[in-house]
There are 2 protein chains.
Amino acid sequence: MLKLSKKVEYGLIAIRHIASLNNQISTVKEISDKYNIPNEVLAKVMQKLTRGKLIMSHQGAMGGYTLARSANDISVMDVIGVVEGTQVGIAQCFSEAPENCSIYLNCTIKNPLGKIQHNLEHVFASMKVSEIV
Amino acid sequence: MLKLSKKVEYGLIAIRHIASLNNQISTVKEISDKYNIPNEVLAKVMQKLTRGKLIMSHQGAMGGYTLARSANDISVMDVIGVVEGTQVGIAQCFSEAPENCSIYLNCTIKNPLGKIQHNLEHVFASMKVSEIV
DNA sequence: ATGAAATAGGACTTCAATAGTCGTATTTGA
DNA sequence: TCAAATACGACTATTGAAGTCCTATTTCAT
């Protein structure tokens, strides 16, 4: 509960890695070996980060990945959003259609949870990759 | 990901309910009916809240639950801790033995995640049930 | 040209956590 | 002594997370 997924962790580690090497091109193999991350899992994460325009891919031999933006313009929130592909919501009504929640109609904690949600977003958005390097 | 469990939500709703009735004794049936919460699930949550000394049980006919502390002395963090029975940790290394994590040794994001973790705890600890009533 | 190194991405399996159900025992007020 | 309430263990179903496997495509270097 309230745990980041491994995918998000892997994404953060990978982006930090590239940033720490001054945006030098890095491969999935290099990163997955160095940090003991399953190769195929990291590969998929990198593909998502590419589609989300946080990193850029360079295909073919001698290819790999570089950052698509400066490290101080990539937040933990960005990585979460791109890797998970959905909005973070601490309750169902913040991440999908509110009516889906079985208790939505009589729920008395929507507003306070909304406040908490807002604060959490701020925490994740204000931590930039540049602080992690 | 990063979602509160239904149990925690139910616990918050129940505690808020009791607080909003000026700590009048309330039953599981009354609460589960009013908020459309499965009876047995709520019952178990109430038992945990009792063991965690956030509420007090009154057994037997005419029994039910009352708060064990004033509403401004119960935080969302308290409810999470008692209902989940474990520490909240946004990464494995914060909620269980760090060595269990497959990437612990080479992990480069422990410190920044620790900072985020600390901020999250603050967010949850500073929201009191008295603000929800 | 061709082969090796790299990204792209779909399909599948495994495992653990969440959510809910069922059954029974115990307590206590009227 | 019965009904209304809490106490609690055992079970099932569903979902999501994590990882594996396989194949296609791109591109550099020889």
Side-chain angles (χ1 to χ4, degrees), chain A residues 1-11 13-14 18 25-33 35-52 55-66 68 80 83-86 88-92 95-96 100-103, chain B residues 1-11 13-14 18 25-33 35-52 55-66 68 80 83-86 88-92 95-96 100-103:
Chain A
M1 209 206 60
L2 289 174
K3 198 160 269 147
L4 292 172
S5 69
K6 289 283 182 191
K7 285 181 190 172
V8 168
E9 293 181 16
Y10 297 160
I13 288 174
I18 301 172
I25 196 166
S26 308
T27 68
V28 167
K29 179 161 181 14
E30 167 189 339
I31 298 173
S32 65
D33 281 355
Y35 302 102
N36 197 34
I37 299 171
N39 195 276
E40 297 88 346
V41 175
L42 181 61
K44 291 241 182 55
V45 169
M46 298 304 267
Q47 286 159 25
K48 283 196 175 178
L49 291 173
T50 303
R51 276 182 247 134
I55 63 179
M56 287 193 331
S57 79
H58 305 269
Q59 290 199 341
M62 307 302 287
Y65 296 94
T66 52
I80 294 175
V83 171
E84 293 300 324
T86 95
V88 168
I90 61 165
Q92 197 177 9
S95 58
E96 51 181 301
N100 287 354
C101 180
S102 56
I103 60 172
Chain B
M1 209 204 63
L2 290 175
K3 197 161 268 144
L4 291 173
S5 69
K6 288 284 182 191
K7 285 181 190 172
V8 168
E9 292 181 16
Y10 297 160
I13 288 174
I18 301 172
I25 197 166
S26 308
T27 68
V28 166
K29 180 162 181 14
E30 168 189 338
I31 298 173
S32 66
D33 280 357
Y35 303 102
N36 196 34
I37 299 170
N39 197 276
E40 297 88 345
V41 176
L42 181 59
K44 291 239 184 53
V45 170
M46 299 304 267
Q47 286 158 26
K48 283 197 175 176
L49 291 172
T50 304
R51 276 181 247 133
I55 62 179
M56 287 194 329
S57 80
H58 305 269
Q59 290 198 340
M62 306 303 287
Y65 296 95
T66 52
I80 293 175
V83 170
E84 294 298 326
T86 96
V88 169
I90 62 165
Q92 198 175 7
S95 58
E96 51 180 300
N100 287 354
C101 180
S102 57
I103 60 172

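Lettering follows sequence order; numbering is per chain, from 1.
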Participant: Round to the nearest Å and state the distance from B:N100 atom CG to C:dA16 atom C1'.
Facilitator: 14 Å
Participant: Rounded to the nearest angstrom, tell me the gap between atom NZ in A:K7 and atom C1' in C:dG9.
Facilitator: 13 Å
Participant: Side chain to side chain contact (heavy atoms under 4.5 Å, CB included) with A:V45: which residues, sequence neighbours excluded?
Facilitator: A:K7, A:L49, A:V83
Participant: Find the distance A:K3:NZ to C:dA16:P and express it as a whole number of Å.
Facilitator: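 The distance from NZ of A:K3 to P of C:dA16 comes to 14 Å, rounded to the nearest Å.
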Participant: Given axes from five pairs at either end, by how many degrees does the helix from C:dA1-D:dT30 to C:dA30-D:dT1 bend, rounded to 10°?
Facilitator: 10°
Participant: If the condition is side chain to side chain contact (heavy atoms under 4.5 Å, CB included), which residues does A:Q47 pass it with, not counting sequence neighbours?
Facilitator: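 Applying side chain to side chain contact (heavy atoms under 4.5 Å, CB included) to A:Q47 gives A:A43, A:R51, A:Y65.
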Participant: Go through the structure and list residues passing side chain to side chain contact (heavy atoms under 4.5 Å, CB included) with B:A14, not counting sequence neighbours.
Facilitator: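 Checked B:A14 against side chain to side chain contact (heavy atoms under 4.5 Å, CB included); matches are B:I31, B:L42, B:M46.
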Participant: How would you label the contact of B:M1 with the nucleic acid (heavy atoms, under 4.0 Å): base, sugar-phosphate, or nothing?
Facilitator: sugar-phosphate
Participant: For B:E84 and for B:E40, locate the closest nucleotide of DNA chain C by heavy-atom distance; then report the residue assigned to the nucleotide nearer the 5' terminus.
Facilitator: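 Closer to the 5' end of DNA chain C: B:E84.
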Participant: Ignoring hydrogens, what is the shortest heavy-atom contact between B:Q92 and A:E9? Give both atom names and the distance.
Facilitator: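 Taking every non-hydrogen atom into account, N-OE2, 4.5 Å.
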Participant: Take atom NZ of B:K48 and atom P of C:dG20, then tell me their distance rounded to the nearest Å.
Facilitator: 14 Å
Participant: In whole angstrom, give the distance that lies between atom CG of B:N39 and atom P of C:dG23.
Facilitator: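 From B:N39 CG to C:dG23 P: 15 Å.
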Participant: Rounded to the nearest angstrom, tell me the gap between atom CD in A:E30 and atom P in C:dA5.
Facilitator: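 My rounded result for the distance is 15 Å.
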Participant: Looking at B:K44 and C:dT21, is any side-chain donor or acceptor paired with a base atom of the opposite kind under 3.5 Å?
Facilitator: yes
Participant: Reading DNA chain D in the 5' to 3' direction, which nucleotide is the first one with an atom under 4.0 Å from a heavy atom of chain A, and which is the last?
Facilitator: D:dA18 to D:dC28
Participant: Take atom NZ of A:K6 and atom P of C:dA16, then tell me their distance rounded to the nearest Å.
Facilitator: 14 Å
Participant: I'd like to compare against my own output: the B/S/- annotation of nucleotides 24-30 of chain C with a strict under-4.0 Å heavy-atom distance to protein.
Facilitator: ---BBS-
